[in-house]
Amino acid sequence: MTPADLSSQILHILAALQSEGTLPAFDLPKEVVVERPKNRDHGDWATNVAMQFAPKFGLVPRDLANLLVSELAKVSGIEKVDVAGPGFINITLSAAAAGELAKQIVLAGEKYGTGSALAGIKMNLEFVSANPTGPIHIGGTRWAAVGDSLARIFEAQGASVTREYYFNDHGAQIDRFARSLLSAAKGEAAPEDGYAGEYINQIANSVLANHPDAASLPEAEATETFRAHGVELMFGEIRKSLEDFGVHFDVFFHENSLYETGAVQKAIERLRTLGHIYDLDGAVWLRSTTFGDDRDRVVIKSDGEAAYIAGDLAYYLDKRERGFDRAIYMLGADHHGYVQRMMAMCAAFGDQPGVNLEILIGQLVNLVKDGEPVRMSKRAGTVVTMEDLVDAVGVDAARYALTRSSINSMVDIDLDQLSKKTNDNPVFYVQYAHARTKQVANNAVSLSVDDSEFDPSLLTHPSESDLIAKLAQLPAIMAHSSLERSPHLVARYLEEVAGAYHRWYDACRVTPLSGKPVESVHRTRLWLNNAASVVLANGLRVLGVSSPERM
RNA sequence: GCGUUUGUAGCUCAACGGAUAGAGCAUCUGACUACGGAUCAGAAGGUUGGGGGUUCGAGUCCCUCCAAGCGCACCA
């Protein structure tokens, strides 16, 4: 008996009361809130349905609650149920009914915690999308960790997810990058508006190694050579860093291709046909104010060059034409000013902003040294990269630390502190719990405790009730995390599971003390141990963190 | 000035509008010749930035003020 089971029981009872005329008819939701009360005296599970629905039924909450309680009391597996406070319904399950879940979890294995809320939905999740003018820095690393985890969470809800990286290989920043490489190759100082740093020298040298005469070509040709090959090299490094970080992109979309294929022109023509494009002062404008933007946006500048948004128009249209129901963009807070114009664009195409196009804004990562914020600058070469972070703490700790906080809050990273005090990262607490489940299972085998028996009525210790209840919440956590686009909820949940497991381990033995016989309770506890193992592993998997068997 | 995000324990942060606001780290006191002590038990720590409002109930929603981050281009 899980909270989800209780939810459907309650709805079933309400529907029955409606059809027999005891309660007036109105549409019931698909599920009701059933949660673990903070205070254990309130029972195993509690629901606020009576307070939620009483007004719609024209009743006072406590009367509706009493109606429900008398029905719930008849449900097998429910040991005790009563009304408390303003109308909460507190439910206590029998140990057997609650513990049954342990076996279900083990049998479900990797499937436990998945759902079907997004079944049949094609999602395009775009994240990182850092310019190929340098390595991925710490901010991009956060989106790599969070974005990939989010993709895994969507997939666990049945969605088909394409992870996509928009590669800005067109425009002024790339030109600056190319000129910076050329300057480095010539041994000159970086251009005023260019990039500096050791990686620029390395790439310039790599280009020279393959094209020894590149620097001595005429200016335009030389720049083009360094642009083409430099971008290619940088691109390769970025892909490798991401793969090493455990993040695999299905599509690397090149901005440049939108211009080469005429997709930009096509998108503008589409909008012009729809009446949302006009010409003024020699420029081409999108009338985005029609759809709530602050001002209209220039799409083609009066010098004939495309503005940045031109690529966005074509890119969004391309995604929709590739069949994605939802295009989700993850952007840093430094880009949140784009949201309105992007949403306006979406509406201009006749789509639904917030549905077909969704933009997640994540706060930036602060680099801290000795308690003082440090400004990261590609130009000054003070950038902390994805590789720096992984070198300092490893992939697991890095991904966990970056995914554990809400994207709405800023994260401080102090490399010196991370490389010293890695064990204050809660990832080890969770991983240790998982390793412990595996070692307990191994010990059980060697002491002839097997899984030939399962009698959940023996799981009566308070720590067992707590652990089972915690394990029962994984499906709801995963669904909520998906709905809220919040992977950090999974991390926080795992920390609670790990705590519940450690406390149970401390109080309840799977293997008997030496000299004592193996009993039913030991075999049954092995199931619970393995259920905890499954939950921890499933949770860590969606965070992209490994589940070690020993540490 | 306008927009946006944030403000919760000493620090880092949680908390679908629910009951006595929770974890980790740090501090203090305890627990192994018992399945891994990277653990566990306990203590201490709070006017959820201030003030109004909405309701059975507000850290959460609305208004306002304060403080901080980030944006406000025919740049990308």
Side-chain angles (χ1 to χ4, degrees), chain A residues 33 35 37-39 41-42 46-48 51-52 54-55 60-62 84-88 90 131 133 168 170-176 193 255 280-285 294-295 297-309 311 332-340 361-364 366 373 401 404-412 421 423-426 428-433 435-436 438-444 446-447 449 463 476 479-480 483-484 488-489 491-493 495-496 498-499 501-514 522 525-526 529 550-551:
Chain A
V33 175
E35 57 187 6
K38 286 167 194 146
N39 188 340
D41 296 340
H42 293 150
T47 177
N48 62 359
M51 288 174 290
Q52 295 273 315
V60 290
R62 285 195 66 104
F88 287 103
N90 292 331
N131 287 340
T133 55
N168 299 110
H170 183 273
Q173 291 195 25
I174 289 295
D175 294 341
R176 284 202 281 273
D193 57 353
E255 180 185 13
L280 180 69
D281 299 337
V284 178
W285 297 70
D294 291 336
R295 65 180 67 192
R297 303 292 170 177
V298 168
V299 178
I300 303 291
K301 295 183 274 183
S302 52
D303 65 3
E305 290 289 312
Y308 186 76
I309 195 175
D334 53 339
H335 289 80
H336 84 260
Y338 296 5
V339 175
Q340 274 192 323
I361 296 298
Q363 297 303 306
L364 303 176
N366 263 333
R404 168 173 199 269
S405 298
S406 159
I407 63 168
N408 287 333
S409 60
M410 289 184 292
V411 167
D412 288 341
K421 304 170 58 185
N423 52 341
D424 66 5
N425 188 326
F428 296 110
Y429 183 75
V430 177
Q431 286 186 312
Y432 181 71
R436 184 172 251 181
K438 290 300 185 184
Q439 294 311 308
V440 167
N442 289 342
N443 291 335
S446 58
L447 291 170
V449 178
S463 68
H480 191 213
L483 205 60
E484 298 288 323
H488 77 279
L489 296 175
R492 300 291 172 160
Y493 165 73
E495 290 166 28
E496 291 173 13
Y501 177 77
H502 285 311
R503 285 186 285 279
W504 171 71
Y505 167 91
D506 201 62
C508 299
R509 295 186 58 89
V510 170
T511 56
L513 291 175
S514 60
H522 301 114
R525 281 179 183 158
L526 179 58
N529 177 78
R550 35 182 100 243
M551 297 176 68

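Just so it is clear: chains get the letters A, B, ... in the order the sequence lines come, proteins before strands, and each one is counted from 1. Owing to the predicted nature of the structure, the values given are computational and were not obtained by experimental measurement.
- Residues Gly332(A) and Asp281(A) both approach RNA chain B. Their nearest nucleotides, taken by heavy-atom distance, put Gly332(A) toward the 5′ side.
- Atom CG of Asn408(A) and atom P of A14(B) are 9 Å apart (whole Å).
- The Tyr432(A) side chain lies nearest to G36(B) when the options are G36(B), C70(B), G69(B).
- Across all strands shown, G3(B) forms a Watson-Crick or G-U wobble pair with C70(B), both key distances being under 3.5 Å.
- If you check distances only, the side chain of His336(A) does reach the base of G3(B) with a donor-acceptor pair under 3.5 Å.
- Look at Ser409(A) and you'll find a side-chain N or O under 4.0 angstrom from OP1 or OP2 of A14(B).
- Between Tyr505(A) atom OH and A31(B) atom C1' there is a gap of 14 Å when expressed in whole angstrom units.
- Look at the C1' atom in both G18(B) and G59(B): the space between them is 13 Å, to the nearest Å.
- Listed candidates were A41(B), A38(B), U4(B). Nearest to the side chain of Met551(A) is A38(B).
- At a threshold of 4.5 Å between non-hydrogen side-chain atoms, the residues Tyr505(A) and Asn529(A) do not count as touching.
- At whole-Å resolution of the value, CZ in Arg509(A) and C1' in U39(B) are 14 Å apart.
- Heavy atoms only, all atoms of each residue included: Gly499(A) and Tyr429(A) are closest at CA-OH, 3.0 Å.
- In this model, the phosphate group of A19(B) is approached by a side-chain N or O of Lys38(A) to a distance below 4.0 Å at OP1 or OP2.
- When distances run from any side-chain atom of Arg492(A) to the nucleotides U5(B), C13(B), A19(B), the shortest one goes to C13(B).
- Straight-line distance between the P atoms of U12(B) and G49(B): roughly 14 Å, to the nearest whole Å.
- Pairing each heavy atom of Asn425(A) with each of Ala401(A), the nearest pair is ND2-CB, 3.7 Å.
- Across all strands shown, the partner of G24(B) is C11(B), judged by Watson-Crick or G-U wobble contacts whose two distances both fall under 3.5 Å.
- Comparing A9(B) with U48(B), their C1' atoms are spaced 10 Å from each other, to the whole Å.
- Using a 5.5 Å limit on the distance between ring centres and a 30° limit on the angle between planes, the aromatic ring of His488(A) does not count as stacked on the six-membered base ring of A14(B).
- Figure legend. A31(B) is base-paired to U39(B); pairs are counted as Watson-Crick or G-U wobble with both atom distances under 3.5 Å.
- Which of C16(B), A38(B), G36(B) sits closest to the side chain of Phe428(A) comes down to A38(B).
- Nucleotides U39(B) and G51(B) are separated by 46 Å at their C1' atoms, to the nearest Å.
- Heavy-atom distances to RNA chain B give each of His502(A) and Ile361(A) a nearest nucleotide, and the one nearer the 5′ end belongs to Ile361(A).
- Within the 4.5 Å cutoff, the side chain of Gln173(A) has no heavy atoms near those of the Asn168(A) side chain.
- A straight line from CG of Asn442(A) to P of G36(B) spans 9 Å, rounded to a whole angstrom.
- Taking atom C1' on both nucleotides, A21(B) is separated from U8(B) by 8 Å, rounded to a whole Å.
- For Asp334(A) against G71(B), no side-chain N or O and base N or O form a donor-acceptor pair under 3.5 Å.
- Asn90(A) contributes a side-chain N or O that forms a donor-acceptor pair with the base of A19(B) under 3.5 Å.
- With U20(B), C16(B), C56(B) as the choices, the nucleotide that has an atom nearest any side-chain atom of Asn39(A) turns out to be U20(B).
- Atom P of nucleotide G36(B) and atom CG of Asp506(A) are separated by 13 Å, given to the nearest angstrom.
- Between G37(B) and Arg436(A), a contact under 4.0 Å exists linking OP1 or OP2 to a side-chain N or O.
- Separating the P atom of A73(B) from that of G3(B) is a span of 15 Å, rounded to the nearest Å.
- Straight-line distance from the CD1 atom of Ile309(A) to the P atom of A73(B): 13 Å, rounded to whole Å.
- With P as the reference atom, G36(B) and G22(B) are 33 Å apart, rounded to whole Å.
- Side-chain proximity of Ser302(A) to the nucleotides C74(B), A38(B), C16(B) is greatest for C74(B).
- Here, U29(B) and A44(B) have their P atoms 15 Å apart, quoted to the whole Å.
- Taking only side-chain atoms of Pro86(A), from C-beta outward, the nucleotide of A34(B), C56(B), C74(B) with the closest atom is C56(B).
- Here the side chain of Pro37(A) is nearest to one of A38(B), A19(B), C16(B), namely A19(B).
- Pairing each heavy atom of Ala46(A) with each of Asn90(A), the nearest pair is CB-OD1, 3.4 Å.
- In this structure, of A73(B), G36(B), C56(B), it is A73(B) that holds the atom nearest to the side chain of Arg295(A).
- Here Phe88(A) counts as stacked on A19(B): its ring centre is under 5.5 angstrom from the base ring centre and the planes meet at under 30°.
- Scanning both residues, Val33(A) and Thr47(A), for their nearest heavy atoms gives O-OG1, 2.8 Å.
- For Arg404(A) and C25(B), the CZ to P distance is 10 Å, given to the nearest whole Å.
- For Tyr429(A) and C40(B), the shortest distance from a side-chain N or O to OP1 or OP2 is below 4.0 Å.
- When every heavy atom of Val430(A) is checked against every heavy atom of Ala498(A), the shortest pair comes out as CA-CB, 4.0 Å.
- The nucleotide whose nearest atom lies closest to any side-chain atom of Arg550(A) is, among A14(B), G18(B), G36(B), G36(B).
- For the pair Arg436(A) and Tyr501(A), the cation does not sit on the ring face, since its NZ or CZ is not both under 6.0 Å from the ring centre and inside 45° of the axis.
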